[in-house]
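One-based numbering along the sequence shown.
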Amino acid sequence: MEKCKKLRDLFRESAEELKDSRTLAVIAMLLALAVMLGFFGTVQVTDFLKIGFSFLPNEIAAMLFGPSVGGIVAGTADILKFLVKPTGAFFPGFTISAAAGGVIYGLILYKKPLSVGRIILAKVLVAVLVNTCLNTFWLTVMYGSSFAVLLPARLLKQILMVPVETVLFYLVVRTLSRAKVFALMKSH
(Lines give C-alpha, C1' and ligand atoms only; values in the text may rest on other atoms or scores of the structure.)
Protein backbone atom coordinates (compact mmCIF):
# COMPACT_ATOMS: atom_id res chain seq x y z
CA MET A 1 0.00 0.00 0.00
CA GLU A 2 2.88 2.34 0.80
CA LYS A 3 4.34 1.81 -2.69
CA CYS A 4 0.99 2.75 -4.28
CA LYS A 5 0.91 5.96 -2.25
CA LYS A 6 4.50 6.81 -3.26
CA LEU A 7 3.68 6.13 -6.90
CA ARG A 8 0.53 8.27 -6.73
CA ASP A 9 2.52 11.07 -5.06
CA LEU A 10 5.19 10.87 -7.76
CA PHE A 11 2.58 11.28 -10.51
CA ARG A 12 0.96 14.15 -8.58
CA GLU A 13 4.31 15.93 -8.08
CA SER A 14 5.02 15.51 -11.76
CA ALA A 15 1.62 16.91 -12.74
CA GLU A 16 2.22 19.88 -10.41
CA GLU A 17 5.26 20.75 -12.55
CA LEU A 18 2.80 21.85 -15.26
CA LYS A 19 1.69 24.81 -13.11
CA ASP A 20 5.05 26.54 -13.54
CA SER A 21 5.40 28.80 -16.59
CA ARG A 22 9.16 28.11 -16.77
CA THR A 23 8.39 24.38 -16.98
CA LEU A 24 5.88 25.00 -19.76
CA ALA A 25 8.47 27.03 -21.69
CA VAL A 26 11.08 24.27 -21.30
CA ILE A 27 8.53 21.64 -22.36
CA ALA A 28 7.68 23.69 -25.45
CA MET A 29 11.37 23.90 -26.38
CA LEU A 30 11.86 20.18 -25.82
CA LEU A 31 8.79 19.43 -27.94
CA ALA A 32 10.13 21.64 -30.73
CA LEU A 33 13.49 19.89 -30.50
CA ALA A 34 11.81 16.46 -30.58
CA VAL A 35 9.87 17.44 -33.70
CA MET A 36 13.00 18.80 -35.39
CA LEU A 37 14.97 15.66 -34.55
CA GLY A 38 12.03 13.58 -35.75
CA PHE A 39 12.08 15.47 -39.03
CA PHE A 40 15.82 15.72 -39.64
CA GLY A 41 17.27 13.06 -37.39
CA THR A 42 15.24 9.97 -38.34
CA VAL A 43 16.05 7.35 -40.94
CA GLN A 44 13.23 5.09 -42.15
CA VAL A 45 15.00 1.76 -42.80
CA THR A 46 11.88 -0.26 -43.70
CA ASP A 47 8.13 0.09 -43.19
CA PHE A 48 8.64 -1.63 -39.85
CA LEU A 49 11.98 -0.15 -38.78
CA LYS A 50 13.19 3.41 -38.24
CA ILE A 51 16.08 4.87 -36.30
CA GLY A 52 16.00 8.36 -34.81
CA PHE A 53 17.23 10.71 -32.12
CA SER A 54 14.03 12.40 -30.99
CA PHE A 55 14.11 10.17 -27.91
CA LEU A 56 16.58 12.60 -26.31
CA PRO A 57 14.23 15.54 -25.62
CA ASN A 58 11.43 13.15 -24.57
CA GLU A 59 13.66 11.44 -22.03
CA ILE A 60 15.06 14.74 -20.78
CA ALA A 61 11.51 16.01 -20.20
CA ALA A 62 10.66 12.84 -18.26
CA MET A 63 13.87 13.09 -16.22
CA LEU A 64 13.32 16.76 -15.38
CA PHE A 65 9.58 16.80 -14.82
CA GLY A 66 8.50 13.23 -14.04
CA PRO A 67 6.20 10.52 -15.36
CA SER A 68 3.05 12.62 -15.86
CA VAL A 69 4.87 15.25 -17.89
CA GLY A 70 7.06 12.63 -19.57
CA GLY A 71 4.01 10.78 -20.85
CA ILE A 72 2.31 13.96 -22.04
CA VAL A 73 5.44 15.27 -23.78
CA ALA A 74 6.26 11.96 -25.50
CA GLY A 75 2.65 11.43 -26.65
CA THR A 76 2.35 15.02 -27.87
CA ALA A 77 5.71 14.80 -29.64
CA ASP A 78 4.56 11.64 -31.43
CA ILE A 79 1.46 13.42 -32.76
CA LEU A 80 3.37 16.57 -33.73
CA LYS A 81 6.06 14.56 -35.53
CA PHE A 82 3.37 12.80 -37.52
CA LEU A 83 1.70 16.11 -38.43
CA VAL A 84 5.02 17.61 -39.56
CA LYS A 85 6.30 14.56 -41.42
CA PRO A 86 3.70 11.84 -41.91
CA THR A 87 5.15 8.41 -42.65
CA GLY A 88 2.28 6.08 -43.42
CA ALA A 89 -1.09 6.25 -41.74
CA PHE A 90 -1.53 7.72 -38.26
CA PHE A 91 -2.09 5.00 -35.70
CA PRO A 92 -2.94 6.00 -32.10
CA GLY A 93 -1.30 2.86 -30.71
CA PHE A 94 2.12 4.37 -31.33
CA THR A 95 1.09 7.50 -29.44
CA ILE A 96 0.08 5.28 -26.52
CA SER A 97 3.48 3.57 -26.76
CA ALA A 98 5.30 6.90 -26.82
CA ALA A 99 3.39 8.09 -23.75
CA ALA A 100 4.08 4.79 -21.96
CA GLY A 101 7.79 5.19 -22.67
CA GLY A 102 7.73 8.73 -21.28
CA VAL A 103 6.02 7.49 -18.13
CA ILE A 104 8.60 4.72 -17.66
CA TYR A 105 11.52 7.13 -18.09
CA GLY A 106 9.89 9.53 -15.64
CA LEU A 107 9.32 6.80 -13.05
CA ILE A 108 12.96 5.74 -13.17
CA LEU A 109 14.81 9.04 -13.72
CA TYR A 110 12.72 11.78 -12.04
CA LYS A 111 14.27 13.29 -8.90
CA LYS A 112 16.93 10.59 -8.78
CA PRO A 113 20.67 10.85 -9.22
CA LEU A 114 21.87 10.31 -12.76
CA SER A 115 23.56 6.94 -13.13
CA VAL A 116 24.37 4.68 -16.04
CA GLY A 117 22.61 1.81 -14.24
CA ARG A 118 19.37 3.77 -13.89
CA ILE A 119 19.52 4.84 -17.55
CA ILE A 120 20.16 1.23 -18.63
CA LEU A 121 17.22 0.03 -16.53
CA ALA A 122 14.89 2.61 -18.12
CA LYS A 123 16.20 1.88 -21.62
CA VAL A 124 15.84 -1.89 -21.25
CA LEU A 125 12.32 -1.64 -19.84
CA VAL A 126 11.19 0.64 -22.67
CA ALA A 127 13.05 -1.44 -25.27
CA VAL A 128 11.42 -4.68 -24.14
CA LEU A 129 7.94 -3.63 -23.00
CA VAL A 130 7.21 -0.76 -25.38
CA ASN A 131 9.46 -0.90 -28.44
CA THR A 132 9.69 -4.65 -28.87
CA CYS A 133 6.42 -6.01 -27.51
CA LEU A 134 3.83 -3.23 -27.72
CA ASN A 135 5.02 -1.59 -30.95
CA THR A 136 5.41 -4.94 -32.68
CA PHE A 137 1.85 -5.75 -31.63
CA TRP A 138 0.67 -2.41 -33.09
CA LEU A 139 2.38 -3.27 -36.38
CA THR A 140 0.60 -6.63 -36.49
CA VAL A 141 -2.70 -4.83 -35.95
CA MET A 142 -1.94 -2.26 -38.67
CA TYR A 143 -0.48 -4.50 -41.33
CA GLY A 144 -1.81 -7.95 -40.45
CA SER A 145 1.75 -9.28 -40.34
CA SER A 146 2.72 -12.05 -37.98
CA PHE A 147 4.17 -10.96 -34.64
CA ALA A 148 6.77 -13.75 -34.94
CA VAL A 149 7.83 -12.53 -38.39
CA LEU A 150 8.32 -8.91 -37.28
CA LEU A 151 9.90 -9.66 -33.91
CA PRO A 152 13.46 -10.74 -34.88
CA ALA A 153 14.40 -7.54 -36.77
CA ARG A 154 12.75 -5.33 -34.16
CA LEU A 155 14.45 -7.19 -31.32
CA LEU A 156 17.82 -6.94 -33.06
CA LYS A 157 17.34 -3.19 -33.47
CA GLN A 158 16.63 -2.85 -29.74
CA ILE A 159 19.65 -4.95 -28.79
CA LEU A 160 21.83 -2.69 -30.93
CA MET A 161 20.21 0.62 -30.00
CA VAL A 162 19.95 0.28 -26.21
CA PRO A 163 23.71 0.66 -25.61
CA VAL A 164 24.02 3.42 -28.23
CA GLU A 165 21.06 5.39 -26.84
CA THR A 166 22.24 4.84 -23.26
CA VAL A 167 25.66 6.30 -23.96
CA LEU A 168 24.24 9.15 -26.02
CA PHE A 169 21.64 10.06 -23.39
CA TYR A 170 24.19 9.87 -20.58
CA LEU A 171 26.68 12.07 -22.43
CA VAL A 172 24.07 14.66 -23.39
CA VAL A 173 22.58 14.84 -19.89
CA ARG A 174 25.99 14.90 -18.22
CA THR A 175 27.16 17.69 -20.53
CA LEU A 176 24.00 19.73 -19.96
CA SER A 177 24.30 19.16 -16.20
CA ARG A 178 27.92 20.31 -16.13
CA ALA A 179 26.96 23.39 -18.13
CA LYS A 180 24.28 24.01 -15.47
CA VAL A 181 21.54 24.06 -18.12
CA PHE A 182 19.18 21.99 -15.99
CA ALA A 183 19.78 24.20 -12.95
CA LEU A 184 18.74 27.22 -15.04
CA MET A 185 15.63 25.39 -16.25
CA LYS A 186 14.55 24.41 -12.77
CA SER A 187 15.44 27.60 -10.82
CA HIS A 188 12.51 29.68 -9.62
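- Legend: residues meeting salt bridge (Lys or Arg N to Asp or Glu O under 4.0 Å) with R118, ordered by chain and number and at least two apart, are absent.
- Screening residues 8-40 for ring-ring contact (aromatic ring centres under 6.0 Å, His included) gives no qualifying pairs among residues at least two apart or on separate chains.
- Annotation: side chain to side chain contact (heavy atoms under 4.5 Å, CB included) contacts of V141 (sequence neighbours excluded): F91, F137.
- Residues forming a salt bridge (Lys or Arg N to Asp or Glu O under 4.0 Å) with K180 (at least two apart in sequence, or on another chain): none.
- Side-chain heavy-atom separations under 4.5 angstrom define the hydrophobic clusters, and the remaining members of the one that includes L155 are I159.
- The ring pair (Phe, Tyr, Trp, His ring centres under 6.0 Å) test applied to F169 returns no partner, not counting sequence neighbours.
- Here side-chain hydrogen bond (donor to acceptor under 3.5 Å, both in side chains) pairs that include residues 128-138, with residues two or more places apart or in two chains, are S97-N135, S97-W138, N131-Q158, T136-R154.
- Applying the side chain to side chain donor-acceptor pair (under 3.5 Å) test to K5 and every residue at least two apart in sequence or in another chain returns D9.
- Under the rule for a side chain to side chain donor-acceptor pair (under 3.5 Å), the partners of K19 that lie at least two apart in sequence or sit in another chain are E16.
- Here the side chains of V172 and I60 are in contact, with some heavy-atom distance below 4.5 Å.
- A search for side chain to side chain donor-acceptor pair (under 3.5 Å) contacts involving T95 returns D78, not counting sequence neighbours.
- Among residue pairs with one or both ends in residues 57-66, those qualifying as side-chain hydrogen bond (donor to acceptor under 3.5 Å, both in side chains) are E59-Y105, E59-K123; sequence neighbours excluded.
- Taking K112 as the reference, nothing meets the salt bridge (Lys or Arg N to Asp or Glu O under 4.0 Å) condition, with sequence neighbours excluded.
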